[in-house]
Amino acid sequence: MLESVVALSIISVCLYIAIIIYAAIFTPKTSARFYYSFNKTNEVFFAMQLAQDSVSERYDTDNWEITDETQGGVKKITANYKDSLQSYPQKSFYIPNE
């Protein structure tokens with residue numbers, strides 16, 4: 001009887017450690033969805049660097065919220081993407097104002 005209790009305790013501890021490791025490795029920042037949204041917001045920034053006029057036409061949908069602010073000699077561009085399921089983290093870029 002004592003041996004089975006010890007064995008079940010060891011199995012429980014091993015399962016607990018495995019779940020803790022699994023939760024630490026597979027966080028939301030390591031998910032494919034995070035990188036997909038991260039790349040989409042970076043794409044907006046690089047498109048604005050190339051041709052700012054076409055960005056408003058291409059990304060002017062209900063899913064995108066792009067704002068420009070001028071703060072001193074720096075222009076702040078904030079890109080926020082959201083779809084029907086969730087809103088992704090917004091990304092801010094700072095470029096020198098010309």
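Values below: every heavy atom of this structure, side chains too, minus hydrogens, waters and symmetry copies.
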Once rounded to the nearest 0.5 Å, what's the spacing between atom NZ of Lys76 and atom CG of Asp68? 11.0 Å

Measuring from Thr70:OG1 to Ile77:CD1, what's the distance to the nearest 0.5 Å? 9.5 Å

Just how far is it from atom NZ of Lys91 to atom CG of Asn80, taken to the nearest 0.5 Å? 12.5 Å

Rounded to the nearest 0.5 Å, how far does CD1 of Ile19 lie from SG of Cys14? 11.5 Å

More than 12 heavy atoms of other residues, nucleotides or ligands under 6.0 Å from CD of Glu3: is that the case? no

I need the Phe93 CZ to Asn42 CG distance, nearest 0.5 Å. 4.5 Å

Roughly how far apart are Leu15 CG and Ile10 CD1, rounded to 0.5 Å? 12.0 Å

Side-chain heavy atoms under 4.5 angstrom apart, residues restricted to Ile, Leu, Val, Met, Phe, Trp, Tyr: same cluster for Val13 and Tyr22? yes

